[in-house]
Number of protein chains: 2
Amino acid sequence: MREAVTLSDVAREAGVSPSTVSRVINGTARVAASKREAVLRAIERLHYRPNILAKGLAQGRSLTIGVITQEISSPYYGEMLKGVEQALEGTTYHPIFASGHWRVDQEEAALKVLVSRQVDGLIVMDGSVPEERLQELAHTMPVVVVGRKIPGLQCLGIDNRQGAYEGVQHLIELGHRRIAHIAGPTSHPDAIERLEGYRAALEDAHIPFDPALVVVGDYMEQSGLLAVEALLARGALFTAIFAANDQMAYGANVALYRRGIRVPHDVSLVGFDDLPSSSYFTPPLTTVRQPGPAMGWEAARLILALLEGRDYTPKPLSTQLVVRESTALIRSSGALAAHLLT
Amino acid sequence: MREAVTLSDVAREAGVSPSTVSRVINGTARVAASKREAVLRAIERLHYRPNILAKGLAQGRSLTIGVITQEISSPYYGEMLKGVEQALEGTTYHPIFASGHWRVDQEEAALKVLVSRQVDGLIVMDGSVPEERLQELAHTMPVVVVGRKIPGLQCLGIDNRQGAYEGVQHLIELGHRRIAHIAGPTSHPDAIERLEGYRAALEDAHIPFDPALVVVGDYMEQSGLLAVEALLARGALFTAIFAANDQMAYGANVALYRRGIRVPHDVSLVGFDDLPSSSYFTPPLTTVRQPGPAMGWEAARLILALLEGRDYTPKPLSTQLVVRESTALIRSSGALAAHLLT
DNA sequence: CGGATGCTTGACAGCGCTTTCAAAATCTGG
DNA sequence: CCAGATTTTGAAAGCGCTGTCAAGCATCCG
């Protein structure tokens with residue numbers, strides 16, 4: 001393990017004081033051309049790399065942005081993290097991630113880790129730590145919240161209700177009237193909003209809401225599969241499904257496939273999120289796009305602005321219906337019960 | 001922005017010296033029970049959280065493990081990162097990620113960022129920074145490489161050749177003889193090994209290798225789609241496809257779907273990786289599982305051991321054929337040309 | 001040509017913590 | 001009860017860097 005080259009090594013090599021080296025590195029003050037040259041050459045010669053930690057300690061900041069996600073391997077968070085990473089690229093800041101696994105205690109632990117590591121700002125994606133906890137943290141550092149609405153904090157998010165509304169409306173326009181909904185966990189505000197959007201779209205089309213057509217899932221593929229099986233088992237009649245996220249739509253699709261029910265021939269399917277894999281799904285999934293990378297990007301830019309005391313108005317984040325091949329015009333009404341016979 | 005509580009604040013509050021506080025926090029030396037009590041109470045009262053950065057600076061380490069991936073949002077790397085995260089949980093170390101985007105220059109930049117941030121150890125996943133560069137880095141800190149074989153370094157990886165062999169063998173056992181291969185980029189050693197496994201399996205079954213049945217992709221979905229179109233366009237005859245990874249298999253599946261070629265009825269499809277979404281694919285994808293989380297986990301444990309000067313022999317990482325519903329016995333030979341007419 | 005003005009530069013303290021070293025406190029046993 | 005061994009404790013230096021401050025220098029103008 002080789003000894004690290006420090007700033008004073010460079011100073012000695014260049015025949016100047018450490019302060020001067022610091023100045024040429026950071027451009028904090030003007031330095032005579034000749035000395036600057038000498039310093040740069042010394043840096044080159046010694047392969048000097050500044051120690052960001054020491055810099056951070058001296059400046060009272062870490063040049064690090066903490067990001068709390070729920071599950072780093074989830075494609076949904078992956079997209080947002082990518083956006084954060086991109087936004088921070090080229091700045092002196094770097095993200096550091098910690099996962100809450102949808103559990104308050106783990107989220108709290110993740111928060112503690114990030115605080116101990118002196119993050120300069122915090123991006124919180126979803127989760128369920130108490131509002132007060134985040135508000136309290138916001139006294140210490142800039143905090144931006146994605147996917148939750150917390151009074152007094154900078155919040156970023158999409159209009160879930162509107163997105164769901166459009167997804168369902170699309171099905172209605174295709175002639176569907178018996179539309180099942182695989183909802184997200186009732187503990188998630190976004191799941192509730194999507195359910196509201198679903199109901200609103202039905203209502204506006206004068207289609208009565210049928211509770212038997214709604215099954216609650218947990219946003220994971222498996223629960224989508226189970227939901228369809230439950231629907232089928234209880235003899236529910238439907239010609240379309242609106243899933244509260246793509247992953248549950250994937251699961252639903254498998255369940256339908258196993259029963260020989262074809263998408264979109266027999267049943268139309270709409271998801272929510274537009275994960276990267278959804279366009280390569282078979283059939284390519286019609287879904288309500290949520291701009292994952294943009295959400296991460298805006299959150300990061302906002303933190304950066306907050307950190308520099310600048311003003312920044314994040315671009316509005318809107319959902320967009322992406323029509324692919326998992327939805328089709330309803331067939332003759334006879335089809336409606338067809339799969340019940342299966 | 002509130003002032004942070006420091007160790008000396010605690011010391012003052014508890015009426016002891018900073019050294020003593022440090023000692024009770026780290027358990028580095030025995031402290032009289034009464035003083036320990038006082039310190040703990042003070043910590044409690046002041047809500048003190050140690051500053052890991054300062055600790056790191058003082059100890060000459062950062063308690064941080066750098067991880068270079070190619071793309072953080074890729075499901076493949078996501079799985080490995082999850083493993084790393086889990087392995088580090090409960091230790092004093094925390095991972096910090098940087099992405100190379102499959103470009104040497106960006107990878108080098110990522111490396112520089114991590115080095116500047118004084119990571120104590122480095123996990124490199126794939127990529128193409130020169131071997132010498134990594135060997136040089138290994139003089140400075142422990143390095144473990146996943147998915148590449150670099151002389152002198154700790155390397156972790158699966159037997160790509162064997163994995164591919166088993167995937168192709170499975171198809172052969174189902175009666176397929178004209179098996180197309182969507183290969184990975186020729187610059188990736190693992191892609192080459194998988195191609196070799198493909199050829200070896202054919203050879204062992206006395207099936208002549210037909211270069212016209214091989215198309216090179218780039219591991220992304222789109223290239224799988226394009227590959228199948230190319231195959232079809234050039235009139236290639238095949239009843240099965242072995243894709244060098246799941247993502248390209250997804251793309252291939254869409255291309256087949258668009259042409260009305262059914263999987264597995266008309267063409268069987270095998271992937272490689274077993275991404276989480278593959279079991280919810282339609283049809284659920286037969287694939288060669290690569291133990292993503294385990295790879296990340298072992299890499300992290302190995303680094304940890306290296307850091308502590310312990311010995312650690314990583315568990316062997318092996319691939320496993322997962323047979324799902326995208327492969328089937330070959331149909332009558334007449335089917336072979338069927339989709340050519342499409 | 002001398003004093004005033006404006007730049008460039010180095011010394012030094014300090015960021016929050018660890019760790020060595022030696023002094024202070026406590027404990028032995030003769 | 002005291003010398004000596006042992007343990008507990010605090011003072012102080014230092015990790016690599018920044019940033020203030022004042023000294024050093026060149027330049028300018030009357």
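In what follows, chains are A, B, ... by sequence order, proteins preceding strands, each numbered from 1. In this text the structure is predicted, and so the values were computed from the model without any measurement.
One interatomic measurement links the two molecules: CD of B/Q59 to P of D/dG16, which rounds to 13 Å at whole-angstrom precision. Following rounding to the nearest Å, A/R36 (CZ) and C/dG10 (P) show an atom-to-atom distance of 14 Å. Remark: P of C/dG16 and CG of B/N26 are 17 Å apart, rounded to the nearest angstrom. One can place CG of A/L57 at 12 Å from C1' of C/dT18, the figure rounded to the nearest angstrom. Separating the CG atom of B/L63 from the C1' atom of C/dG16 is a distance of 14 Å, rounded to the nearest angstrom. Here C/dC17 presents its P atom at 12 Å from CZ of B/R12, a figure rounded to the nearest Å. The nearest whole Å value for the distance from the CZ atom in A/R61 to the P atom in D/dC17 is 16 Å. Rounded to whole angstrom, the span from the CG atom of B/D9 across to the P atom of C/dG16 amounts to 8 Å.
Heavy-atom distances under 4.0 Å link DNA chain D to no residue of residues 43-55 of chain B.
Atom CZ of B/R30 sits in a sparse spot, with 12 or fewer heavy atoms from other residues, nucleotides or ligands closer than 6.0 Å. Counting heavy-atom neighbours within 6.0 Å of A/E308 CD, excluding the residue itself, gives a total above 12. For CG of B/D105, the number of neighbouring non-hydrogen atoms (other residues, nucleotides, ligands) closer than 6.0 Å is greater than 12.
With A/Y312 as the fixed residue, the side chain to side chain donor-acceptor pair (under 3.5 Å) test singles out one of A/R301, A/Q154, A/E298: A/E298.
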For A/D190 and A/Y219, what are the C-alpha separation, side-chain angles and deciding distance, and is it a side-chain hydrogen bond (donor to acceptor under 3.5 Å, both in side chains)?
CA-CA 11 Å; A/D190 45 54; A/Y219 276 157; 2.7 Å; yes
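Note on A/T6: only backbone sugar-phosphate atoms sit closer than 4.0 angstrom, heavy atoms only; bases stay farther off.
The closest donor-acceptor contact from the side chain of A/D218 to the backbone of A/M220 lies under 3.5 Å.
If you check the side chains of A/R117 and B/T64, you find a donor sitting under 3.5 Å from an acceptor. Side-chain contact check for B/H101 and B/Q70: no donor-acceptor pair (N or O, by modelled atom type) lies under 3.5 Å. A donor-acceptor contact under 3.5 angstrom links the side chains of B/S17 and B/T20, judged on distance only.
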Using a cut-off of 4.0 Å between protein heavy atoms and nucleotide atoms, how would you tag nucleotides 6-14 of chain D 5' to 3' with B, S and -?
-SSBBBB-B
